[in-house]
Amino acid sequence: MKDDGDVFGTLGWGLRTYGWIVVACMLGLGVLVPSMLDRLPDQYEAEAQVGPTEALNLPNLDPLPRLGESVFNNGVVAQAVRDSVDPPLPRSVSVVPERVELVAAQDNIVFTIVGHGSTPQSAERVANIAAATYALELNKYAESVGSFAIQRLATPPTSPETQVGGPLAVGVGLLAGLAFGVGLVTLLLVWHRPVLDATGVKHTTGSPVLGRVVFGASRDGVRGLPALCHLVLCPPTEMLLLAGPRNTRPERLLLTAQLNKVIERTQRKIAIIDGPSQLDVAARPATSLTLLVVHEGISQSSLQKQAEQYLDGGAAGVVLVHSHRWNPWLRRRQLPRARRPAKQRIPRSWVPRRPASSPQPTTDT
């Protein structure tokens with residue numbers, strides 16, 4: 001197994017394991033975003049133009065866009081738009097660029113004022129009011145820059161703005177869902193802190209990783225068991241304790257069955273205890289080996305708790321198990337179940353029948 005776990009490897013494992021979260025977010029936002037965009041009210045745009053009435057007193061046009069933006073954003077145009085509404089809008093309401101904005105192109109002496117509104121008439125009114133106020137503000141710099149006036153008044157637009165919809169809205173929703181899902185998986189990994197390699201196991205438990213068993217990888221459905229059996233059954237092991245969380249019970253049953261086959265072939269006497277108690281751990285002989293079986297990706301806190309319970313300084317090792325944890329159907333097909341022993345039924349012929357009426361003994365006096 002690899003010992004060079006990194007951030008990208010952990011993120012890749014998280015996306016493979018929690019991929020359903022990303023898919024759910026993509027499907028949810030892919031449907032939610034288009035429906036939200038369809039409910040948005042129509043917005044209209046109207047354009048007015050302000051330009052110079054004479055030659056400008058500038059050596060070149062480079063500073064003109066910056067000058068136009070600073071004059072437009074000094075607050076006078078926004079206040080004029082606020083005062084044009086009855087009742088006037090409060091200063092807490094943002095006007096630029098929600099209701100009116102400036103387009104100052106480079107190397108262009110004409111400024112375009114764009115008004116936004118829910119109706120064509122409101123967009124036209126806002127654009128013309130802003131353009132008239134803007135021209136007056138620019139004329140304050142007539143001596144150093146030049147005089148300006150409205151070159152074209154705004155007219156009511158005939159159609160609303162083009163909104164994102166159809167396939168484009170679905171694409172935006174899918175991309176937003178992808179980003180949101182990956183973000184959720186990243187936060188989940190930061191909170192879960194999964195252990196994926198030998199370095200993480202050694203850092204958390206202090207014990208080495210004796211093997212990595214992969215279910216569903218080879219022809220017989222299991223990969224890594226032969227090497228593990230050879231490693232853990234080497235002399236002088238006389239007792240093997242298979243411990244681990246409750247959800248590793250099927251994997252421990254399969255390991256026990258494979259180890260028993262190897263023991264029978266080698267004609268050795270090795271006792272295997274699956275799910276040892278604290279008394280078994282405390283009373284184990286010196287020739288015993290404790291094997292902690294955990295799933296690949298177990299959280300660091302859970303692994304540390306298992307290590308504190310079963311690994312107390314004796315001969316011990318960890319086995320990382322990779323199986324279809326999030327696909328119960330495949331996991332049931334590959335791993336055995338811990339079944340209760342069937343109850344033995346006694347045939348009715350074995351049960352003595354009591355006669356309906358039994359004669360009472362009599363005594364002669």
Side-chain angles (χ1 to χ4, degrees), residues 1-22 181-218 221-234 237 240-252 254-255 258-259 274-276 281 284 288-327 331 334-335:
M1 61 178 298
K2 296 181 179 179
D3 297 344
D4 54 349
D6 55 357
V7 176
F8 295 103
T10 303
L11 180 59
W13 177 88
L15 293 177
R16 292 191 301 269
T17 305
Y18 303 107
W20 60 271
I21 296 179
V22 180
V182 173
L184 285 181
V185 171
T186 304
L187 291 177
L188 183 61
L189 293 177
V190 172
W191 172 76
H192 186 69
R193 299 180 65 185
V195 178
L196 303 174
D197 51 27
T199 303
V201 172
K202 184 69 175 180
H203 176 74
T204 305
T205 65
S207 299
V209 174
L210 298 183
R212 181 173 182 266
V213 180
V214 181
F215 294 93
S218 58
V222 183
R223 185 180 65 190
L225 274 179
L228 177 64
C229 294
H230 176 75
L231 185 62
V232 302
L233 295 180
C234 62
T237 304
L240 185 62
L241 306 179
L242 290 179
R246 183 178 300 178
N247 59 355
T248 60
R249 173 66 174 167
E251 287 85 356
R252 286 187 278 117
L254 184 57
L255 288 176
Q258 295 294 327
L259 290 172
D274 183 15
V281 175
R284 71 186 188 277
S288 65
L289 175 63
T290 302
L291 205 60
L292 183 60
V293 182
V294 296
H295 281 129
E296 181 186 58
I298 184 174
S299 65
Q300 188 174 2
S301 59
S302 299
L303 180 59
Q304 187 174 5
K305 185 183 300 183
Q306 293 292 324
E308 293 174 353
Q309 184 176 0
Y310 295 107
L311 307 181
D312 58 354
V318 179
V319 175
L320 285 177
V321 175
H322 176 80
S323 60
H324 296 278
R325 298 181 59 191
W326 308 109
N327 194 329
R331 194 164 183 259
Q334 291 181 353
L335 303 178

Counting N and O atoms only, with roles assigned by atom type, does the side chain of R249 sit under 3.5 Å from a partner on the main chain of R246, one being a donor and the other an acceptor?
no

Nearest 0.5 Å please: distance from the OG1 atom of T17 over to the CG atom of L188.
9.5 Å

State, yes or no, whether a side-chain contact exists between V294 and V319 at a heavy-atom distance under 4.5 Å.
no

Approximate separation, where rounding is to 0.5 Å, of L259 CG and L291 CG:
8.0 Å

Could you check L242 against T248 for side chain to side chain contact (heavy atoms under 4.5 Å, CB included), going step by step and ending with a plain yes or no?
CA-CA 10 Å; L242 290 179; T248 60; over 6 Å; no

Interatomic distance, CD@Q304 vs OG1@T204, rounded to 0.5 Å, equals 7.0 Å

Check: I298 main-chain N/O paired with H192 side-chain donor or acceptor under 3.5 Å
no

For the residue pair P194 and G297, what are the closest heavy atoms and their distance?
CB-O, 3.5 Å

Close side-chain approach of V281 and T290, heavy atoms under 4.5 Å:
no

To the nearest 0.5 Å, atom CD of E296 lies from atom CZ of R212 at 4.0 Å

Measuring only between side-chain heavy atoms, which start at C-beta, is V213 closer than 4.5 Å to L254?
no

For residues L292 and Q306, determine if any side-chain heavy atom of one lies less than 4.5 Å from a side-chain heavy atom of the other.
yes

Residues in side chain to side chain donor-acceptor pair (under 3.5 Å) contact with S207, at least two apart in sequence or another chain
none

Check step by step if side chain to side chain contact (heavy atoms under 4.5 Å, CB included) holds for Y18 and W13.
CA-CA 8 Å; Y18 303 107; W13 177 88; 4.1 Å; yes

Between P276 and Y310, what is the shortest heavy-atom contact and its length?
O-CE2, 3.5 Å

As an exercise, state the distance from CG of L189 to CG of L15, rounded to the nearest 0.5 Å.
7.5 Å

Starting at CG of N247, measure out to CZ of R252 and round the result to the nearest 0.5 Å.
8.5 Å

Donor-acceptor contact present, side-chain S288 to main-chain R284, <3.5 Å
no

Is there a side-chain contact between V318 and T205, using heavy atoms and a 4.5 Å cut-off?
yes

Any luck finding a side-chain donor-acceptor pair between E251 and H295 under 3.5 Å?
yes

Compare every heavy atom of V293 with every heavy atom of P245, then report the nearest pair and how far apart it is.
CD-O, 3.3 Å

